[in-house]
Amino acid sequence: MLDHRDGMYFPTEDIVRHAHADRAKYDAMYKQSIEDPEGFWGEHGKRIDWIKPYTKVKNTSFAPGNIDIRWYEDGTLNVAANCVDRHLATRGDQTAIIWEPDDPNAEAQHISYNQLASHVGKFANVLKDMGVEKGDRVVIYLPMIPQAAFAMLACARIGAIHSIVFAGFSPDALAARVNQCGAKVVITADEAPRGGRNTPLKTNADKAFGKVEGDVKMLVVKRTGGDVPMEAGRDHWLHEMEAGVEDACPPEEMGAEDPLFILYTSGSTGQPKGVVHTSGGYLVYASMTHQYVFDYHDGDIFWCTADVGWVTGHSYIVYGPLANGATTIMFEGVPTYPDAGRFWEVCDKHKVNQFYTAPTAIRALMGKGPEFVDKYDLSSLKVLGTVGEPINPEAWDWYHKHVGHQNVPIVDTWWQTETGGHLLTSLPGAIPTKPGSATLPFFGVQPVILEPQTGEEITTTEAEGVLCIKDSWPAQMRTVWGDHERFEKTYFADYKNYYFSGDGCRRDADGYYWITGRVDDVINVSGHRMGTAEVESALVAHEAVAEAAVVGYPHKIKGQGIYAYVTLMGGVEPSDELRKELETWVRSEIGPIAKPDLLQFAPGLPKTRSGKIMRRILRKIAENDYGALGDTSTLAEPEVVDDLIENRMNRG
Ligand code: 6R9
C-alpha cells in the first residue's frame with residue numbers, strides 16, 4: 001500500500017528500488033538538465049540511433065522576432081528505423097503491438113517487431129508507388145487499427161510528413177486539413193467499428209474529396225469488408241497495392257530538424273493550426289518521458305487508451321513506446337462497450353503493466369459502479385497515468401482505490417500538442433503525488449508563473465498566474481505549418497521571451513504545480529481541445545443564425561461542456577426542431593465532439609458599447625452562477641442579461 005500522509009502519496013520502498021529514478025537521482029538529473037542543458041541533452045540524445053551523430057545540441061531562441069528552435073541540428077536519423085529496425089537483432093520476435101479490436105469476441109492480434117518491419121516496409125513502398133516523396137504530406141484518417149501505426153512509420157521511413165485527422169472529424173474538417181497541408185495522399189478505411197457501430201469512413205472521405213483541391217489520391221484499408229465505392233484512378237485498396245510489393249524499403253536519411261508530423265489543434269482564434277514536430281528532438285524526448293514517467297522496463301505491457309488522432313496517441317502509443325522497444329497496446333473500442341468493464345477486462349487479459357487514460361473516462365466509468373472493475377484481476381498494474389485535464393479528487397480516489405488497489409502510483413501528466421511530450425509530471429519512484437497536481441517539471445523543463453497582467457515572473461514559491469516555460473525542450477513544436485508568424489503570435493507575443501501555454505496555474509508551498517484550466521477561449525471537452533471560435537463560426541455559417549457565442553461550463557463527465565448562445569436572423573422563430581438542426585449542423589461541420597451540450601436562443605448578446613461580447617457574463621450564466629455577474633454597467637443593453645438568465649439552460 002502506498003504510504004499516505006500530509007495529503008501526499010509516497011511510493012513504497014519496493015517501487016523506489018525498481019524505478020529508473022529515485023528522488024536523489026531525479027534531483028541530480030534535474031539540476032544538471034537546467035545548469036547544463038547542452039551536456040544533459042547531448043548525453044541523453046544518444047538514447048536513439050543516429051546515422052550521422054550530432055555535434056551541436058541546442059540552438060534555440062525565444063527572442064521577439066526571432067523564434068527559432070533547433071535541437072541536434074546537424075545530426076541525421078530515421079525515426080522509423082529507430083522504432084523498428086534497431087530492435088530486430090535483439091527482440092525481433094517480441095510483440096511490438098497488441099491490437100485489441102472493438103468486438104471483445106474477436107481475437108486480439110500480436111504483431112512482433114519482425115512483422116512490424118515487414119508491414120512498415122511494404123506500406124512505405126506502396127506510398128512510394130503512389131508518388132509520395134520525402135517532404136510530401138500524407139493525411140491519415142484511420143480508426144485505431146494497426147495500419148494507423150504502419151502508416152505513420154511508413155511515412156517516417158520515406159521522409160513524408162504525416163498529418164493524422166481524428167476519425168471522428170467530419171468530412172468538412174477533413175477537407176480543410178487536407179487542403180491546408182497540401183496532402184498528396186489520404187489514407188482511410190472502408191469503415192470504422194467503434195462501440196459496436198460502424199462509422200462510414202470511406203464515405204466521409206468521399207464527401208471531403210468534394211472540397212479537396214488538386215490531384216489527391218486515396219489509399220483505403222479494408223477493415224470491415226463493407227461495400228464502398230472506389231473511384232477509378234483516384235482510390236486504391238491497400239491490400240491490392242501491397243500484393244507483390246517488397247518488404248524491404250531502405251530508410252531515408254533525415255535531418256534532425258526535418259518535420260516528422262503536422263497535427264492540427266484548436267486555438268482561441270480562427271481555424272485550427274498545424275502544429276509541426278520534427279524528428280530528432282521529438283523522438284529523444286518522447287522515448288525518454290515514456291521510459292521515466294511510466295517507469296517502463298523491458299518486457300512490460302504498456303497501454304495508452306488515447307486515439308492516434310491526438311498527440312497522446314502519437315507520443316505514447318507509437319513513437320515513445322516503439323523507440324523504447326516496448327509492447328504497446330492499440331485499442332479500437334470505447335470504454336463502455338460492451339459494458340463499463342471493458343478497460344479492466346483488457347488490462348486483465350493482456351496483463352497490462354502501465355495504464356494511461358483521461359479523467360473523463362475515469363469519471364464515466366466511476367458513474368457505472370465498482371462492480372465493473374472489481375471483478376477483474378488488475379494485479380499486473382504498476383503505474384497508472386492521467387492526461388488531458390485536471391483530475392478531480394473523487395475520480396483520483398476511485399482510480400487509486402478500484403484500479404490501483406492503493407498500491408499503484410498515479411502519474412498526472414500535464415502537456416500539450418505543442419509540447420510533444422510530458423512537461424509537468426511525477427515520476428513513480430521519485431516524486432510523491434498529491435491528487436489533482438501534476439507535481440514537478442520533467443528534466444530540462446523550467447516552468448514559471450507570471451502575473452497575467454504585467455507579465456512579471458512571480459518568484460515566490462507560492463504563486464498563481466499563467467504558466468509559461470522559460471527555455472526550450474527537445475520536443476517543443478517548431479512552427480505552425482505555413483505560418484511562422486502565427487506561431488510567434490500565439491505562443492511568444494503575450495509574454496516576451498517565454499513560451500506561453502495558455503493555461504492558468506498555481507504553485508503551492510512545496511513547489512507543486514496545479515493546473516487551473518485554460519485562460520484563453522479554448523474549452524476542454526472530455527480532454528479534447530475545442531476553440532470556442534471554431535464552434536461559433538460553424539454556427540453562424542447556418543442560414544438561420546445571426547450571431548453566436550460559445551463558452552464552457554462545468555460538466556460532470558466531460559469536465560467541460562459546450563454552451564452556445566444563438567441569436568437568430570430576423571423572421572426566424574426559435575424551436576426545438578431548429579435547436580436539433582443546429583446541433584446536427586455543428587456535428588457535420590466539425591464533428592460529434594463539437595456538438596453543443598446546451599444551446600440557448602437569445603434575443604441578443606451582452607455587449608459593451610464598443611461591441612465586444614462580454615463572455616464573462618455568458619460564462620457565469622452558463623455556470624448557473626448568475627447571482628454574481630459583477631460589473632454590468634458597461635453593457636450597451638443591460639436588459640438582455642435578464643432574458644438570458646430567465647431562459648438559461650443549465651439549472652444544475
Ligand atoms: C496532451 C494533451 C492540452 C491542454 C492543456 C491543458 C489540458 C492536459 C493536463 C491538462 C491539467 C493535466 N491538460 N493535461 N490539464 N492536468 N494533466 O492533452 O494535449 O489536446 O493539446 O491539450 O489540456 O489545458 O493546455 P492537448
Side-chain angles (χ1 to χ4, degrees), residues 164-166 168-169 261-268 272-277 282 285-286 289-290 293-294 304-317 319-320 356-363 384-393 395-396 399 410-426 431 433-442 445 447 466-469 475-477 480 490-491 499-507 512-532 534 552 558-560 593-594:
I164 306 190
V165 176
F166 174 54
F169 277 129
F261 65 84
I262 304 168
L263 187 55
Y264 284 87
T265 191
S266 297
S268 51
K273 39 186 179 286
V275 168
V276 175
H277 281 289
Y282 171 79
Y285 199 83
T289 46
H290 172 260
V293 173
F294 300 112
C304 163
T305 69
D307 190 284
V308 288
W310 312 114
V311 73
T312 307
H314 285 64
S315 299
Y316 301 112
I317 294 175
Y319 290 117
Y356 190 33
T357 197
T360 182
I362 299 168
R363 285 193 297 269
L384 299 173
T386 73
V387 57
E389 53 178 318
I391 184 163
N392 50 309
W396 197 98
Y399 202 27
I410 296 177
V411 290
D412 181 344
T413 62
W414 175 84
W415 59 296
Q416 310 176 296
T417 307
E418 293 87 341
T419 72
H422 309 137
L423 293 197
L424 298 176
T425 177
S426 57
I431 302 172
T433 55
K434 299 185 189 185
S437 167
T439 74
L440 299 177
F442 191 72
V445 175
V466 295
L467 177 61
C468 288
I469 312 291
Q476 183 172 22
M477 77 181 279
V480 170
T490 311
Y491 304 104
Y499 166 79
F500 172 44
S501 68
D503 279 318
C505 186
R506 180 169 71 80
R507 187 167 54 212
Y512 274 43
Y513 291 86
W514 301 74
I515 303 296
T516 52
R518 300 287 304 193
V519 295
D520 54 11
D521 289 320
V522 173
I523 322 180
N524 192 328
V525 187
S526 299
H528 300 315
R529 277 162 68 165
M530 199 31 65
T532 53
E534 262 175 273
K558 299 179 175 183
Q560 276 188 301
I593 56 168

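When a ligand or atom number is given, it counts from 1 through the structure's own listing order.
Looking at T289 and Y316, their side chains do bring a donor and an acceptor atom within 3.5 Å of each other. Looking only at atom types and distance, the side chain of Q476 has no donor-acceptor partner in the side chain of Y499 under 3.5 Å away.
Under the ring pair (Phe, Tyr, Trp, His ring centres under 6.0 Å) criterion, Y399 pairs with no residue at all, not counting sequence neighbours. Take F261 and apply the ring pair (Phe, Tyr, Trp, His ring centres under 6.0 Å) test, not counting sequence neighbours, and it matches H162, H277, Y282, H314. Under the ring pair (Phe, Tyr, Trp, His ring centres under 6.0 Å) criterion, W414 pairs with no residue at all, not counting sequence neighbours.
Listed as neighbours of ligand 1 are V311, T312, V387, G388, E389, P390, D412, T413, W414, W415, Q416, T417, D503, I515, R518, N524, R529, each bearing a heavy atom under 4.0 Å from the ligand.
Contact annotation: the side chain of V411 approaches that of F294 to within less than 4.5 Å [non-hydrogen atoms, C-beta and beyond].
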